Amino acid sequence: MTYSTLDQIKRYLNMSTDYTKEDTLLSSLQESVYNDINVILSEFTDVPITDENEVKILGDIEAMWAAGLYRMRLE
């Protein structure tokens, strides 16, 4: 389970949600970021986070972070 969806990541990348060629890579990056977020937060609280409001915030952070990692790989 991750905090974001692939569609959120694709929106940050201006990709069509129907475009699936990069889904495997995006999912891998998303999962990696999810794990990193949980490692960081585990010092302060129980993870994974389940509070609905906090999940929305973390979903945006996770999607932006994964999109950034994807763009770095392209360069």
Side-chain angles (χ1 to χ4, degrees):
M1 181 185 114
T2 58
Y3 297 118
S4 66
T5 65
L6 278 179
D7 287 349
Q8 284 177 287
I9 297 169
K10 288 179 180 182
R11 272 182 254 145
Y12 282 112
L13 294 169
N14 293 319
M15 278 184 191
S16 168
T17 55
D18 296 330
Y19 180 73
T20 59
K21 183 178 177 185
E22 299 291 335
D23 281 5
T24 302
L25 175 57
L26 291 174
S27 293
S28 176
L29 293 171
Q30 178 186 34
E31 191 67 36
S32 176
V33 171
Y34 172 78
N35 291 331
D36 288 345
I37 288 172
N38 284 335
V39 166
I40 293 166
L41 292 178
S42 68
E43 296 182 34
F44 307 101
T45 190
D46 293 332
V47 292
I49 303 299
T50 56
D51 180 88
E52 192 174 309
N53 292 323
E54 292 172 354
V55 167
K56 287 180 185 178
I57 294 167
L58 291 173
D60 282 337
I61 293 168
E62 183 180 88
M64 284 186 273
W65 189 346
L69 290 175
Y70 176 80
R71 287 186 180 177
M72 286 175 33
R73 285 179 177 256
L74 293 181
E75 292 181 4

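Computed from a predicted model, the values in this text were never measured in an experiment.
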Approximate separation, where rounding is to 0.5 Å, of N35 CG and I40 CD1: 11.0 Å
N/O donor-acceptor pairs under 3.5 Å from side chains in residues 15-29, not counting sequence neighbours:
unit_1 : atom_1 : unit_2 : atom_2 : d
S16    : OG     : D18    : N      : 3.1
D23    : OD1    : K10    : NZ     : 2.7
S27    : OG     : D23    : O      : 2.9

Is it the case that one hydrophobic cluster holds both V47 and I37, taking links as side-chain heavy atoms less than 4.5 Å apart, direct or via other members? yes
Take L13 and Y70, measure what side chain to side chain contact (heavy atoms under 4.5 Å, CB included) needs, and give me the verdict at the end. CA-CA 9 Å; L13 294 169; Y70 176 80; 3.6 Å; yes
Nearest heavy-atom approach of D60 to Q8 is OD1-NE2, 3.5 Å
Flag yes if L74 and I9 sit in one hydrophobic cluster, no otherwise; membership is Ile, Leu, Val, Met, Phe, Trp, Tyr, and two members link when side-chain heavy atoms are under 4.5 Å apart. yes
Closest approach of I49 and V55, non-hydrogen atoms and distance? O-CG2, 3.5 Å
Would you say that more than 12 heavy atoms from the other residues, nucleotides or ligands in this model lie under 6.0 Å from the CG of D46, or not? no
Stepwise, does the side chain to side chain contact (heavy atoms under 4.5 Å, CB included) test hold for E31 with Y34? CA-CA 5 Å; E31 191 67 36; Y34 172 78; 3.8 Å; yes
Main-chain N/O of S4 paired to Q30 side chain as donor or acceptor, under 3.5 Å: yes
Taking every non-hydrogen atom, the tightest pair across P48 and Y3: CA-OH, 3.4 Å
